[in-house]
Novice: 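Let me give you the structure first, and then I'll get to my questions.
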Amino acid sequence: MPVEPESTLRQGFWKRFAKSLDAGRQAYVADMKEVFGRPAIDAGFWDDLEATLIAADAGARVTERVIDQLRNQAAGAHLRSPAQALGYLKADLLDEMRPRSRQLELDGTPAVLLVVGVNGSGKTTTIGKLADLLRREGRRPLLAAADTYRAAAIDQLKLWGQRAQVEVVAHQPGADPGAVAYDAVQAARARGANPVIIDTAGRLHTRSDLMEELRKVRRVLQRLDERAPHEVLAVLDAHVGQNSAQQVRVFQQAIGLTGLVVTKMDGSARAGVVLSIEAELSVPVKLVGIGEGLDDLNRFDPEQYLDALLRAEEGT
Ligand SMILES: Nc1nc2c(ncn2[C@@H]2O[C@H](COP(=O)(O)OP(=O)(O)OP(=O)(O)O)[C@@H](O)[C@H]2O)c(=O)[nH]1
Ligand SMILES: [Mg+2]
């Protein structure tokens, strides 16, 4: 099958992304209009800008840094008015997001993507959407139902497999997650599938026994391929806001993460959280989700994200 260029997939996604942020943006967008519509850059401007960035959940550190940066720029010759400051702010925030590789590692025989996160963050839904995206790119993903705690979790992944038209390897409820992962990789080798995407049970990051179970899955995978898992993706719910940084740190320490997926950006009043996550953690955001439909996931694009976040008008 010919590989479709990534850019032609998910057409209109970023437009929908911007719209899906509207509900949450109401919390701060009116303030943004006021801040950037002020007649002059004065003490009130700085106070209001700070409050607005905090309201968007950009985090204290990012807010402080970009405001310092803007103050320096305003002290220079070029930045003269609040209206101009919006463009500067966008550029400064883009710098905050540091250029880093957001590519998914999909080279392997097969590449193995292990998907982890706390309960209900959106792991299974993300896997369904990602399988669809990768299949449309001409790849042949295979899903592994390694959340074996509940029969419903296995059925849910099978349903996503049907929707995305990809195969699912599953055992009985209660089976060993490592054994499911092992079989899935073997099946992918036999059938020429790539990548294998492994669904895992939601777990509170504070449960060390459950973290050990993840490490066991990783050890099983490494017996098959020392480079596996090629990606360990933590799925975060955008509604959780600042607390997700702590979740990420614990998962990072327990098993090592290669990327983050921020889901449920639709309607979240904390969409700015991506800024604080990116600034505080070394793990890059690689994917974003904006709903429960097959095409509601895309590779993360910092510029598109900032355009949507800082849009000063509703519905444009
Ligand atoms: N609005 C919205 N809902 C989402 C999104 N992603 C997932 N959901 C919903 O969130 C709920 C939990 O999603 P799951 O994919 O089952 O989450 P999970 O992390 O697999 O959950 P556990 O396996 O129980 O830990 C479901 O009702 C999903 O439909 C999203 O991007 N936007
Ligand atoms: Mg699940």
Side-chain angles (χ1 to χ4, degrees), residues 10 13-14 16-25 113-133 143-164 166 168-171 173-175 177 180-181 184 197-207 209-211 213-214 217 232-241 243-244 247-248 250-251 254-255 257 259-271 273-274 277 285-301 304-305 308:
R10 295 288 189 260
F13 178 89
W14 293 107
R16 283 192 293 125
F17 180 86
K19 279 207 191 313
S20 76
L21 254 53
D22 275 349
R25 281 164 9 98
L113 282 50
L114 184 63
V115 179
V116 304
V118 301
N119 307 72
S121 59
K123 294 176 290 300
T124 307
T125 308
T126 293
I127 290 170
K129 294 185 282 189
L130 180 60
D132 176 71
L133 182 68
L143 309 184
D147 176 357
T148 58
Y149 280 101
R150 296 172 295 121
I154 299 173
D155 292 341
Q156 187 194 1
L157 192 74
K158 284 184 177 165
L159 191 62
W160 274 110
Q162 280 169 15
R163 282 188 196 139
V166 302
V168 179
V169 167
H171 288 189
V180 180
I197 313 176
I198 303 176
D199 192 19
T200 62
R203 63 200 73 223
L204 262 183
H205 50 296
T206 46
R207 287 280 302 271
D209 53 333
L210 298 180
M211 288 298 178
E213 186 188 78
L214 279 184
V217 171
V232 183
L233 301 171
V235 177
L236 307 172
D237 176 341
H239 293 83
V240 173
N243 287 340
S244 35
Q247 287 176 19
V248 173
V250 180
F251 275 102
I255 177 153
L257 299 172
L260 302 175
V261 184
V262 184
T263 55
K264 310 189 198 183
M265 303 273 300
D266 46 316
S268 166
R270 298 165 183 266
V273 72
V274 172
I277 289 174
V285 175
K286 293 191 171 175
L287 299 162
V288 283
I290 53 165
E292 297 164 286
L294 259 188
D295 59 353
D296 285 338
L297 180 92
N298 205 355
R299 290 184 166 77
F300 181 59
D301 180 329
Q304 296 280 3
Y305 163 73

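No hydrogens, no waters, no symmetry mates; every other heavy atom, side chains included, goes into these values. Whatever order the structure lists ligands and atoms in, that order sets their numbers, starting from 1.
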Novice: Would you say Ser121 touches ligand 1, if touching means a heavy atom closer than 4.0 Å?
Specialist: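 So Ser121 counts as touching ligand 1.
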Novice: State, with a plain yes or no, whether a side-chain heavy atom of Thr126 is found less than 4.5 Å away from one of Trp160.
Specialist: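 Thr126 vs Trp160: side chains apart.
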Novice: Looking at side-chain heavy atoms only, is the closest gap between Leu143 and Asp199 below 4.5 Å?
Specialist: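 SC-SC contact between Leu143 and Asp199 ruled out.
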Novice: Does any N or O in the side chain of Thr263 come within less than 3.5 Å of the main-chain N or O of Ser121, such that one atom is a donor and the other an acceptor?
Specialist: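 Checked: pair present.
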Novice: Measure across Ser20 and Ile290 and return the closest heavy-atom pair with its distance rounded to 0.1 Å.
Specialist: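 Where Ser20 meets Ile290 most closely, the heavy atoms are OG-CG2, 3.6 Å.
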Novice: Keeping waters out of it, list the protein N, O or S atoms under 2.8 Å from the Mg ion (ligand 2).
Specialist: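 Atoms qualifying: Thr124 OG1.
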Novice: Within the structure provided, determine whether Pro177 and Thr200 are in side-chain contact (heavy-atom separation under 4.5 Å).
Specialist: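 No; the side chains remain at least 4.5 Å from each other.
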Novice: Compare every heavy atom of Val288 with every heavy atom of Phe13, then report the nearest pair and how far apart it is.
Specialist: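 Looking at all heavy atoms of both residues, the shortest contact is CZ-O, 3.9 Å.
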Novice: Which of these, Thr125, Val261, Leu297, Val288, has its nearest heavy atom closest to atom 15 (O) of ligand 1?
Specialist: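 Heavy atom nearest to atom 15 (O) of ligand 1 belongs to Thr125.
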Novice: Heavy-atom contacts with Gly289 under 4.0 Å: which atoms of ligand 1 show up? List them by number with element.
Specialist: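 Listed by number with element: 31 (O).
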Novice: Looking at every heavy atom in both Leu236 and Gln247, which two are closest together, and how far apart are they?
Specialist: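 For Leu236 versus Gln247, the nearest heavy atoms are CD2-OE1, 3.7 Å.
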Novice: Find out whether Met265 and Val274 are in side-chain contact, i.e. whether some heavy atom of one side chain is under 4.5 Å from a heavy atom of the other.
Specialist: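 Answer yes - side chains close enough.
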Novice: For the 3.5 Å polar cut-off, considering only N or O atoms, please tell me whether Gly291 and ligand 1 meet it.
Specialist: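 Such a contact does occur with ligand 1.
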Novice: Side chains of Arg299 and Leu287: closer than 4.5 Å at any heavy-atom pair?
Specialist: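 Heavy-atom side-chain distance check passes, below 4.5 Å.
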Novice: What are the two closest non-hydrogen atoms of Phe251 and Arg203, and how far apart are they?
Specialist: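 Nearest heavy atoms, Phe251 then Arg203: CZ-O, 3.7 Å.
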Novice: State, to 0.1 Å, how close Arg10 and Asp132 come at their nearest heavy-atom pair, and which atoms those are.
Specialist: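 Closest approach of Arg10 to Asp132: NH1-OD2, 3.2 Å.
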Novice: Mind checking whether Arg203 has a heavy atom under 4.0 Å from ligand 1?
Specialist: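 Distance cut 4.0 Å: Arg203 fails for ligand 1.
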Novice: Tell me which protein heavy atom sits closest to atom 10 (O) of ligand 1, plus the residue, atom name and distance to 0.1 Å.
Specialist: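 Atom 10 (O) of ligand 1 sits closest to the protein heavy atom Lys264 NZ, 3.2 Å.
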Novice: Consider every N or O of Asp199 and every N or O of ligand 1, then say whether any pair is closer than 3.5 Å.
Specialist: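 In this structure, Asp199 places no N or O atom under 3.5 Å from an N or O of ligand 1.
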Novice: Would you find a donor on one side and an acceptor on the other, under 3.5 Å apart, between the side chain of Ser268 and the backbone of Lys264?
Specialist: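 Such a contact is absent between Ser268 side chain and Lys264 backbone.
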Novice: Please determine if Gln156 has a nitrogen or oxygen closer than 3.5 Å to a nitrogen or oxygen of ligand 1.
Specialist: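 Yes, at least one N or O pair falls under 3.5 Å.
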Novice: Does any N/O atom on Thr126 come nearer than 3.5 Å to any N/O atom on ligand 1?
Specialist: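 In fact, backbone or side chain, Thr126 has no N or O that close.
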Novice: Identify, by atom number and element, the atoms of ligand 1 in contact range of Asn119, meaning under 4.0 Å from any of its heavy atoms.
Specialist: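 Going through ligand 1 atom by atom, the ones under 4.0 Å from Asn119 are 25 (O).
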Novice: May I ask you to say whether Lys123 pairs ionically with Asp147, meaning some side-chain N is under 4.0 Å from a carboxylate O?
Specialist: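 No, this pair does not count.
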Novice: Which pair of non-hydrogen atoms, one from Glu213 and one from Tyr149, has the smallest distance, and what is that distance?
Specialist: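 Closest approach of Glu213 to Tyr149, heavy atoms only: OE2-OH, 2.9 Å.
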Novice: Name the option, out of Ile127, Asp266, Ile290, that contains the heavy atom nearest to atom 2 (C) of ligand 1.
Specialist: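 Comparing heavy atoms across Ile127, Asp266, Ile290, the nearest one to atom 2 (C) of ligand 1 lies in Asp266.
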Novice: Quick one: does Gly120 get within less than 4.0 Å of ligand 1, heavy atoms only?
Specialist: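 The answer is yes: ligand 1 sits under 4.0 Å from a heavy atom of Gly120.
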Novice: With a 4.0 Å cut-off on heavy atoms, is Asp147 touching ligand 1?
Specialist: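 It does; at least one heavy atom falls under 4.0 Å.
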Novice: Show your working on side chain to side chain contact (heavy atoms under 4.5 Å, CB included) between Thr125 and Val235 and close with a plain yes or no.
Specialist: CA-CA 10 Å; Thr125 308; Val235 177; over 6 Å; no
Novice: With atoms numbered from 1 as shown, which atoms in ligand 1 lie under 4.0 angstrom from a non-hydrogen atom of Arg150?
Specialist: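 Close to Arg150: 23 (O), 24 (O).
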Novice: Give the numbers and elements of all ligand 1 atoms closer than 4.0 Å to a heavy atom of Gly202.
Specialist: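 In order of numbering, the contacting atoms are 25 (O).
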Novice: What residue and atom, counting heavy atoms only, is the protein's closest point to atom 27 (O) of ligand 1, and at what distance?
Specialist: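 Ranked first by proximity to atom 27 (O) of ligand 1 is Glu292 OE2, 3.6 Å.
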Novice: Atoms of ligand 1 less than 4.0 Å from Lys129 heavy atoms?
Specialist: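 Numbered from 1, ligand 1 contributes 31 (O).
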Novice: State whether the shortest distance between N or O atoms of Lys123 and N or O atoms of ligand 1 falls below 3.5 angstrom.
Specialist: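 Yes, at least one N or O pair falls under 3.5 Å.
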